[in-house]
Amino acid sequence: MTDLRVRIAPSPTGTVHLGLCRTALFNWAYARGRGGAFILRVEDTDRTRSTAESEAAILEGLRWLGIDWDEGPGIGGPHEPYRQSERSEGHERVAAQVLESGHAYRCFCTPERLDELRASQEARKETPRYDQSCRSMSGEESDRRAAAGEPHVLRFRVPEGETVVRDLVRGDVRFDHGEVDDWIMVRRTGAATYNFVVVCDDIDMRVSHVFRGEEHLVNTPKQVLLYGALGEEPPAFGHLPLMLGTDRKKLSKRTGDTALGDYIAKGYPREAIVNFLCLQGWALDGETEVFDTATFVKHFDITDVQKAGAVFDPKKFLWLSGDTIRRMPIGELVGEVTPFLEAAGYVTAAEIEGRREWFEQLVAGEQERIELFSELPDRVRPFFEADADVTYEEAAEKNARKHEARAEHLAQFSGWLEEQSAAGEFNTEALSAGMKAWVKERELKFPALFQPLRCALTGMPGGRDLGDCVTLLGLERTQARIEAAIQRLG
RNA sequence: GGCCCUAUCGUCUAGUCAGGCCUAGGACACCAGGUUUUCAUCCUGGCGACGGGGGUUCGAAUCCCCCUAGGGUCACCA
């Protein structure tokens with residue numbers, strides 16, 4: 001019953017940019033929240049820059065984010081094909097129609113002449129634009145030269161007047177046609193340009209809403225004019241504020257990672273990435289920062305989108321990542337972290353499966369200490385090292401050496417552990433409480449035992465509960481490490 | 001430079017469309033305390049903004065104008 005049809009139209013010319021991800025998310029949420037259709041169309045009209053790898057990466061990236069589409073490459077749909085390069089017959093037909101109706105004209109100017117024109121205009125500090133020298137050419141001459149095979153492009157004949165772009169984010173934006181160039185619809189190669197095909201395809205696919213980055217706003221009057229020339233109603237537009245780098249310019253590699261893949265590789269949870277992207281230009285209620293995708297879909301409206309550009313804040317992103325990890329069920333966390341543990345060479349996925357409980361304990365101890373999945377391997381490294389030569393970090397060793405009676409305390413403590421084990425009290429809770437009591441009974445300060453012990457077991461200055469470390473290692477390995485520490489620390 | 005867009009704490013933003021409920025709310029960051037065997041988490045508190053100037057109005061962050069600043073765009077790229 002609804003005619004709501006929304007699309008994302010990425011050009012497969014590089015990595016999966018976060019800006020694309022956010023645009024896709026907003027479009028998708030708009031469609032999903034209103035029972036509309038969501039279409040994926042690959043904008044590969046630039047044949048020299050488009051690649052199959054990039055297209056595959058985009059599809060994979062969007063799926064990874066949890067975005068699905070009703071029509072698109074691979075799955076098809078009622079308006080196939082969904083790859084622009086495969087739609088050229090239609091484009092040619094429409095181009096001929098626009099030429100026929102007089103809304104377009106052939107331009108025989110050579111690229112060289114255009115370059116010179118632009119150069120001289122720039123030299124005079126004028127706005128570079130086409131001087132319309134072919135615009136008034138007679139139909140006979142135009143046909144004759146075209147028939148003779150003279151190379152030419154097709155330009156849109158922009159009429160006098162003004163165009164008002166109705167924008168759901170910005171309101172009405174007026175453009176005087178004196179500022180709109182007679183833009184090229186079809187190149188001399190016969191291939192249509194973006195501004196032309198985007199309109200043709202959106203018409204064919206019955207797209208009702210076009211939400212895209214603000215950089216497209218100035219193109220919009222050209223497109224609206226073409227809709228008019230074709231006798232079609234333009235869709236509703238919504239130009240999203242740009243995502244900015246810390247330099248306040250369009251997010252680019254200069255100021256940080258821009259590719260979705262970079263963040264996946266660093267171990268940002270999917271939910272955190274989606275959540276963060278949603279926060280760039282949109283807010284749920286001004287209070288709630290953390291929400292899931294379903295909530296976003298339910299509440300998202302294009303008219304609530306912020307107009308000003310959003311500076312990307314890596315710190316907040318990192319916080320959101322850590323917060324997401326902390327709220328994750330342990331079983332899920334272990335799954336997320338497994339590839340990173342494997343990549344570090346500590347274990348295989350099969351080994352993790354074989355000792356599931358142990359790994360859950362291992363990971364749980366770091367859950368509130370990591371902000372990225374990739375931080376885990378380094379933090380659990382000691383548990384994969386040989387007992388005789390655990391890496392002692394400088395700060396840990398320094399802390400341990402502050403205590404003169406360290407060897408004596410460690411030795412006694414080792415004996416106590418053996419007693420606990422024999423008594424069947426070898427569990428984290430009992431051990432943690434027991435070791436505190438152990439220190440108090442001897443009228444010591446906590447660091448007197450805990451600093452040397454921490455160094456012995458992990459070689460790190462800080463970290464998880466020591467009782468946890470002990471149960472993770474087991475009695476034998478704990479004692480071996482204590483023994484080694486007594487030797488190494490003296 | 002022309003055109004277009006934008007303008008609330010350092011950053012993301014709520015509030016702006018329907019002017020009073022705003023001595024402007026939340027979050028991140030930062031600072032200070034507290035909890036804790038350490039680290040981290042967690043808790044409490046603090047710091048901190050309506051770019052400037054004119055109007056309109058009893059009253060303006062909210063409406064109007066100007067200025068300033070930032071951004072986008074000016075391809076046979078998308």
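Side chains included, hydrogens not; waters and symmetry mates left out as well; all remaining heavy atoms used. Values in this document were obtained by computation on a predicted structure and should not be read as measured data. Proteins get letters first, then strands, A, B, ... in listed order; numbering begins at 1 in each.
The listed nucleotides are C76(B), U11(B), G72(B); the one nearest the side chain of Ile184(A) is C76(B). Of the candidates C74(B), G72(B), A78(B), G72(B) carries the atom nearest the Val218(A) side chain, counting heavy atoms from C-beta on. Of the candidates U13(B), G72(B), C76(B), the closest approach to any side-chain atom of Val153(A) belongs to C76(B). The side chain of Leu114(A) lies closest to C76(B), out of U6(B), U36(B), C76(B). Side-chain atoms of Arg369(A) lie closest to C39(B) of the nucleotides G71(B), C39(B), G10(B). The Thr127(A) side chain lies nearest to G2(B) when the options are U36(B), G2(B), G72(B). Between U6(B), C76(B), C4(B), one nucleotide has an atom nearer to the side chain of Pro111(A) than all others, and that is C76(B). Proximity note for Val173(A) (side chain, C-beta onward) versus A78(B), C5(B), G2(B): the nearest is C5(B). The Trp319(A) side chain lies nearest to C28(B) when the options are U41(B), C3(B), C28(B). Out of G1(B), A78(B), G2(B), the shortest distance to the side chain of Glu179(A) is found at G2(B).
Comparing A27(B) with G70(B), their C1' atoms are spaced 24 Å from each other, to the whole Å. The gap from the C1' atom of G54(B) to that of G2(B) amounts to 28 Å, rounded to the nearest Å. Rounded to a whole angstrom, the distance from the P atom of C42(B) to that of C50(B) is 31 Å. C76(B) and U68(B) have their P atoms separated by 33 Å, with the value rounded to a whole Å. Atom name C1', nucleotides C5(B) and G10(B): the rounded distance is 24 Å, in whole Å. Distance noted for atom C1' between A49(B) and U38(B): 39 Å (whole Å). Here, A61(B) and C9(B) have their P atoms 15 Å apart, quoted to the whole Å. For the C1' atoms, the distance from C17(B) to G51(B) is 22 Å, rounded to whole Å.
Phe312(A) has its CZ atom 17 Å from the P atom of C28(B), to the nearest Å. Here the P atom of nucleotide C74(B) and the CZ atom of Arg124(A) are 20 Å apart, to the nearest Å. Distance, Leu279(A) CG to A14(B) C1': 12 Å, rounded to whole Å. The distance from atom CZ of Arg83(A) to atom P of A78(B) is 17 Å, rounded to the nearest whole Å. Protein atom CE of Met243(A) is 20 Å distant from nucleotide atom P of U6(B), rounded to whole Å. Taking atom CD on Glu122(A) and atom C1' on U73(B), their separation rounds to 14 Å, with Å as the unit. As a whole-Å value, the separation of Leu320(A) CG from A27(B) P is 14 Å. Rounded to a whole Å, the CZ atom of Arg454(A) is 11 Å from the C1' atom of A40(B).
Nucleic acid contact class of Phe317(A) (heavy atoms, under 4.0 Å, all strands): none. Among the atoms of the strands shown, base atoms are found under 4.0 Å from some heavy atom of His216(A). Contacts of Cys469(A) with the nucleic acid, taken as non-hydrogen atoms under 4.0 Å apart, are absent. Residue-level contact check: Arg174(A) touches the backbone only, with heavy atoms under 4.0 Å from sugar-phosphate atoms and none from bases. Heavy atoms of Arg248(A) sit under 4.0 angstrom from primed sugar atoms or phosphate atoms, though from no base atom. Within the nucleic acid shown, Gln280(A) comes within 4.0 Å of sugar-phosphate atoms alone, with no base atom in reach, counting heavy atoms only. Among the protein residues, Gly281(A) comes within range of the sugar-phosphate backbone only, with heavy atoms under 4.0 Å from sugar or phosphate atoms but none that close to a base. At a threshold of 4.0 angstrom between heavy atoms, the contacts of Lys445(A) with the nucleic acid are absent.
In this structure a side-chain-to-backbone donor-acceptor pair under 3.5 Å is present from Arg87(A) to Pro81(A). The backbone N or O of Leu489(A) lies less than 3.5 Å from a partner atom in the side chain of Arg406(A), making a donor-acceptor pair. Asn195(A) places no side-chain N or O within donor-acceptor distance of the main-chain N or O of Gln223(A), the cut-off being under 3.5 Å. Looking at Ser11(A), its side chain never comes within 3.5 Å of a backbone N or O of Thr13(A) through a donor-acceptor pair.
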- Message: Checking Gln479(A) against Ser414(A) for the side-chain hydrogen bond (donor to acceptor under 3.5 Å, both in side chains) test, could you report, in this order, the C-alpha distance in whole Å, the side-chain angles of both residues, the deciding distance, and whether it holds?
- Response: CA-CA 6 Å; Gln479(A) 289 191 304; Ser414(A) 183; 3.2 Å; yes

- Query: When you look at Phe383(A) and Phe359(A), which way does the ring-ring contact (aromatic ring centres under 6.0 Å, His included) test go after all the steps?
  - Reply: CA-CA 11 Å; Phe383(A) 297 95; Phe359(A) 275 99; over 10 Å; no

- Where along nucleotides 43-49 of chain B does protein come under 4.0 Å, by heavy atom, of base (B) or sugar-phosphate alone (S), with - for untouched nucleotides? -------

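The pair Arg7(A)-Asp201(A) does not meet the salt-bridge criterion, since no charged nitrogen lies less than 4.0 angstrom from a carboxylate oxygen. Between Arg381(A) and Asp378(A) there is no salt bridge, since none of the side-chain N atoms of the basic residue sits less than 4.0 Å from a carboxylate O of the acidic one. For the pair Glu375(A) and Arg379(A), the salt-bridge criterion is not met [side-chain N within less than 4.0 Å of a carboxylate O].
C74(B) is paired with G1(B) under the Watson-Crick or G-U wobble criterion, all donor-acceptor distances under 3.5 Å. Pairing partner, C30(B): G46(B), with both Watson-Crick or wobble hydrogen-bond distances short of 3.5 Å. Judged by Watson-Crick or G-U wobble contacts below 3.5 Å, the nucleotide G19(B) has no partner. Checking A7(B) for Watson-Crick or G-U wobble geometry (two distances, each under 3.5 Å) identifies U68(B) as its partner.
A cation-pi contact, defined as under 6.0 Å to the ring centre and within 45° of the axis, links Arg22(A) to Phe26(A).
Inspection of the Arg113(A) and Ser133(A) side chains reveals an N or O donor paired with an N or O acceptor under 3.5 Å. A donor-acceptor pair shorter than 3.5 Å can be found between the side chains of Thr428(A) and Thr471(A).
Taking 3.5 Å as the limit, the base of C12(B) and the side chain of Lys316(A) contain a donor-acceptor pair of atoms between them. At a cut-off of 3.5 angstrom, the base of G26(B) holds at least one donor-acceptor pair with the side chain of Glu289(A). Counting atom types as modelled, Asn219(A) pairs a side-chain N or O with a base atom of A78(B) as donor and acceptor under 3.5 Å.
For Arg464(A) and U41(B), the shortest distance from a side-chain N or O to OP1 or OP2 is not below 4.0 Å. At the phosphate of C30(B), neither OP1 nor OP2 sits under 4.0 Å from any side-chain N or O atom of Lys315(A). Proximity of Gln121(A) to the phosphate of C74(B): no side-chain N or O atom is located under 4.0 Å from OP1 or OP2.
When each of Arg49(A) and Gly467(A) is assigned the nucleotide of RNA chain B with its nearest heavy atom, Gly467(A) is the one assigned upstream, toward the 5' end. A residue-by-residue look at Tyr194(A) and Asp313(A) shows that Asp313(A) has its nearest nucleotide of RNA chain B further toward the 5' end.
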